[in-house]
Each structure stands twice: as C-alpha cells, then as structure tokens.
Amino acid sequence: MSPDHPPGLDLDRLRALLDRERPGLVAGPLSGRLIEGGRSNLTYAVSDGTARWVVRRPPLGHVLATAHDMRREHRVISALHPTDVPVPRPVLLCEDEEVLGAPFYVMEFVEGTPYRTAEQLAPLGPGRTRAAVLNLVDTLVGLHAVDPAEVGLADFGRPEGFLDRQLRRWAKQLDASRDRDLAGIDELHATLGRKLPRSPAPTVVHGDYRLDNVLIGGEDDEIRAILDWEMSTLGDPLTDLGLLVMYSSPLGMPDSPVSTTAQAPGHPAPDELVERYAARSGRDVSTVAWYTAFAWFKLAVILEGIRYRYTLGQTVGRGFDRIGDLVPVFIEHGLTTLQEG
C-alpha cells in the first residue's frame, strides 16, 4: 500500500464512518501514516488536509482481545479528559470489525514530542530537561489524585490483591519463554513475593508511565498528553512510581537497545523524583525500593519474551539480537535494589 494508505487503515471506510457518526468533522479526502515507535497497538496520524486525528487499533493478525482492548483505552481517556489530567480528546470508538478489521478508536492529534533517549533530550539543555522530568512526576501525582468513582471508573479494575496478581502474571509470562538459565530471576521473583508491601488506596494506574509515553511541547515544555493507556487499570499507584524510577536509572550499558533518559544533562536523580512524588502526593513511599525492583523484574520478563520470540524468528527489527544481553542486567538491578532497600 502507498504511504497514504498504510496497512490496517482503510481510509475510505474510515471516512464513511466519520461522515455518518460525526457529520461535518471531515472536510476533505483523508490521508494517513503509521506513527513509528509503537510497541504493541498500531497508531496512525490521519488528516483531511486541514485537521488531524489519531487512529489507534490492535496489531494486524490474530490477537487476544483482552491484550489490545480498544474499549478500555477509549474509556479511560474519555473519563479523564474532563479532568486536569492531559489526555487527547476522544472522538469515537468503533467496535465494528467490518470497518478496519478490528475495533479501533479515534482521538484528536496532539502536537508534542515523546523524548525516548538522552540524546533526544540533550538539545533542551540541563534546565529544560530537569523541568520536563519534574513535570512528569507532577503530572503523575495529578493522575493519582483523580477519584475513580467521580469519573466513572469505579469498576475499571480489581484493586484487591493487585500486587500478588501482578507477580503471578509476570511469573507466568516468564515461564512461557523459558529456554535458558537466568541466574537470579527466580530469587528475584521469590524475594518480591516474600516482601510484598501493603498497597495504599487504589487509583487509576497508567501501567507504563515514562517520558516517551507523554507528549511535551509549547514554550514551557508542558506535558500536553499522556499516551498509551493499554495497561491502565485500578491498582497500586506506587507501581507507576517504581517504573518511572527504573526508567530514570542509568543502565550502565552503552549502546543499549533499551534506552533510558537518565544520562541526559540535567535529568534529576531517581531519589529526587521519589521525594517530589512523596511531597506532592502525601503518600508514604518508604517501600518504593520494592516497586522499583518489581519494575526491573517486569522488564526483564518482557525483554526475555522478546528475545525468545526473536530466536524463533517471530520478531524482526534493529537491536533485537542484543536484547538477551540486557536481561541479566535488569535481574541484577532488581536484586541490588531489594538488597539496598
């Protein structure tokens, strides 16, 4: 297909749907392009030459519906849009698979940059980088301050037993890709299970909160939108903080296929992010080491799954041949984090 008609996006059917459901929204012929960088669901930018929107749908081919739930993503951004949490304005949800071959939703296009690496942050300079990352923490505090019941999300998840289910889920994922010895992985999982903290009151949890899942723009480098809500639920807010701390920690591996922004000049240290979150949220963060170690474990499992699929020829792309080397590093970081407390 041409660049204006990427696979998985039938622009004629999309236009017909929008004309029927949102008459007057589209002013001319549609063009579309795949937005690179997505790790799971497919994201397209669509334009009529004047206005722009974003279409989000599951990957091509057969997938488990629960793993790529468009209704869920659409529901959470629809609930949060009237609040101060920055999310794109939802346009419509389509669950009719006849249109694009899978359920999808349309939302407004938000201008901004997702900063994925220290190199991309470098042109901002130390001052702007520092402010952007601290704003990331403040925005997370704002998300966790939303009362789920007040925005219609009281039944968005099962907070009771959340951490235990998370541990069991990721252990099951690990077992599904076991084909080599990974020193320390079982010790890490067992220790996390023995030291399971008591969760604070549940909040809306993003599930993958980090700098490259937000759009930053404007003169003040404000966070204009939080993206990629596919892992969102009701649960323990400190899981979001632990993941953010993990992604803000140096890996100590130059040329790593998994980048963090931690080495960017001006990037605040993980301890400062934790202290800011505690001060702004009022939550007890004394067990944050557990949540950070859990994040290291979770990412180790994800990376091992990618490596496993790569060895089977099911995943192609740059850097996948080096993913396996990262897994022991993540395990070691997790163990060290727990030991140092």
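All residue numbers refer to positions in the sequence shown, counting from 1.
Put simply, the side chain of L238 does not reach to within 4.5 Å of the side chain of V288, judged on heavy atoms. Residues L273 and L134 meet the side-chain proximity criterion, which asks for heavy atoms closer than 4.5 Å. The shortest distance between side-chain heavy atoms of Y291 and V285 does not fall below 4.5 Å. No side-chain heavy atom of V214 sits less than 4.5 Å from a side-chain heavy atom of T139. By the 4.5 Å heavy-atom criterion applied to side chains, P237 and L140 are not counted as neighbours. Counting heavy atoms from C-beta outward, T311 and R307 have side chains that approach closer than 4.5 Å. In this structure, L167 and F294 have side chains that are in contact, with non-hydrogen atoms separated by less than 4.5 Å. Within the 4.5 Å cutoff, the side chain of L251 has heavy atoms near those of the L326 side chain.
For Y277, the ring-ring contact (aromatic ring centres under 6.0 Å, His included) partners two or more places apart in sequence, or in a different chain, are H144. For the ring-ring contact (aromatic ring centres under 6.0 Å, His included) test, residues two or more places apart in sequence or in another chain that qualify with F330 are W296. Qualifying side-chain hydrogen bond (donor to acceptor under 3.5 Å, both in side chains) partners for E95, counting only residues two or more places apart in sequence or in other chains: R71.
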Give the intermediate values and the outcome of side-chain contact (heavy atoms from CB on, under 4.5 Å) for residues L80 and I226.
CA-CA 10 Å; L80 293 174; I226 307 172; over 6 Å; no
Run the numbers on R72 and T233 for side-chain contact (heavy atoms from CB on, under 4.5 Å), then give the verdict.
CA-CA 9 Å; R72 190 172 187 81; T233 188; 3.3 Å; yes
Show the numbers, then the answer: is there a side-chain contact (heavy atoms from CB on, under 4.5 Å) between D228 and R56?
CA-CA 10 Å; D228 291 355; R56 194 148 156 88; 3.3 Å; yes
Does the side-chain contact (heavy atoms from CB on, under 4.5 Å) test come out yes or no for I216 and Y115, once each step is laid out?
CA-CA 8 Å; I216 293 176; Y115 290 97; 4.0 Å; yes
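Shortest non-hydrogen contact noted between I77 and P88 is CD1-O, 4.1 Å. In this structure, H267 and A262 approach most closely via the heavy-atom pair CB-O, 3.7 Å. In terms of heavy atoms, L34 sits closest to P6 at N-CG, 4.1 Å. Looking at every heavy atom in both residues, Q263 comes nearest to A118 through C-CB, 3.9 Å. For the residue pair L124 and R128, the shortest heavy atom distance occurs at CD2-NH2, 3.2 Å. Nearest heavy atoms, L338 versus A293: CG-CB, 3.5 Å.
The OG1 atom of T336 lies 11.5 Å from the CD1 atom of I331; values are rounded to the nearest 0.5 Å. With rounding to the nearest 0.5 angstrom, the CG atom of L18 is 14.5 Å from the CZ atom of R13. Within the model, atoms CG of L136 and OG of S248 stand 7.5 Å from one another, a figure rounded to the nearest 0.5 Å. Summarising the geometry, atom CZ belonging to R224 is positioned 9.0 Å from atom CG belonging to L215; distances are rounded to the nearest 0.5 Å. Here the straight-line distance linking atom CG of D212 with atom OG1 of T117 works out to 9.5 Å at 0.5 Å rounding. To the nearest 0.5 angstrom, R165 atom CZ is 9.0 Å from L163 atom CG.
With R22 contributing its side chain and L17 its backbone, the two residues share no donor-acceptor pair below 3.5 Å. No side-chain donor-acceptor contact under 3.5 Å links D220 to the backbone of E222. No donor-acceptor distance shorter than 3.5 angstrom exists from the side chain of R210 to the backbone of L243, with no hydrogens or angles considered. A side-chain donor-acceptor contact under 3.5 Å links S281 to the backbone of R283.
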Compile the donor-acceptor pairs under 3.5 Å between side chains in residues 191-202 and protein atoms, sequence neighbours left out, one pair per line.
| unit_1 | atom_1 | unit_2 | atom_2 | d |
| --- | --- | --- | --- | --- |
| T191 | OG1 | E187 | O | 2.7 |
| T191 | OG1 | R194 | NH2 | 3.2 |
| S199 | OG | D236 | OD2 | 2.5 |

Between side-chain atoms of residues 152-159 and protein atoms elsewhere (two or more places apart, or another chain), which donor-acceptor pairs fall under 3.5 Å?
| unit_1 | atom_1 | unit_2 | atom_2 | d |
| --- | --- | --- | --- | --- |
| D155 | OD1 | R75 | NH1 | 3.4 |
| D155 | OD1 | R75 | NH2 | 2.4 |

Would you give me the side-chain donor-acceptor pairs under 3.5 Å for residues 98-112, sequence neighbours excluded?
| unit_1 | atom_1 | unit_2 | atom_2 | d |
| --- | --- | --- | --- | --- |
| Y105 | OH | E73 | OE1 | 2.7 |
| E108 | OE2 | R89 | N | 2.7 |
| E111 | OE2 | R52 | NH2 | 2.2 |

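Note: the hydrophobic cluster containing V205 does not contain V141 (ILVMFWY, side chain heavy atoms under 4.5 Å, direct or indirect links). Note on L227 and V46: separate hydrophobic clusters, where clusters join Ile, Leu, Val, Met, Phe, Trp and Tyr whose side-chain heavy atoms are under 4.5 Å apart, directly or indirectly.
Classification of the H206-Y209 ring pair by plane angle, with boundaries at 30° and 60°, yields perpendicular.
Ion pairing between a basic and an acidic side chain is recognised when a charged N comes within 4.0 Å of a carboxylate O; D175 and R178 show such pairing. A salt bridge between D208 and K298 is absent, with no side-chain N of the basic residue lying under 4.0 Å from a carboxylate O of the acidic one. For R130 and D221, the salt-bridge test fails: no basic side-chain N is under 4.0 Å from an acidic carboxylate O.
More than 12 heavy atoms of other shown residues, nucleotides or ligands fall within 6.0 angstrom of atom CG in D179. The neighbour count for E21 CD, taken as heavy atoms of other residues, nucleotides or ligands under 6.0 Å away, is above 12. Within 6.0 Å of atom CG in D181, 12 or fewer heavy atoms from other residues, nucleotides or ligands are found, so the atom counts as exposed in its surroundings.
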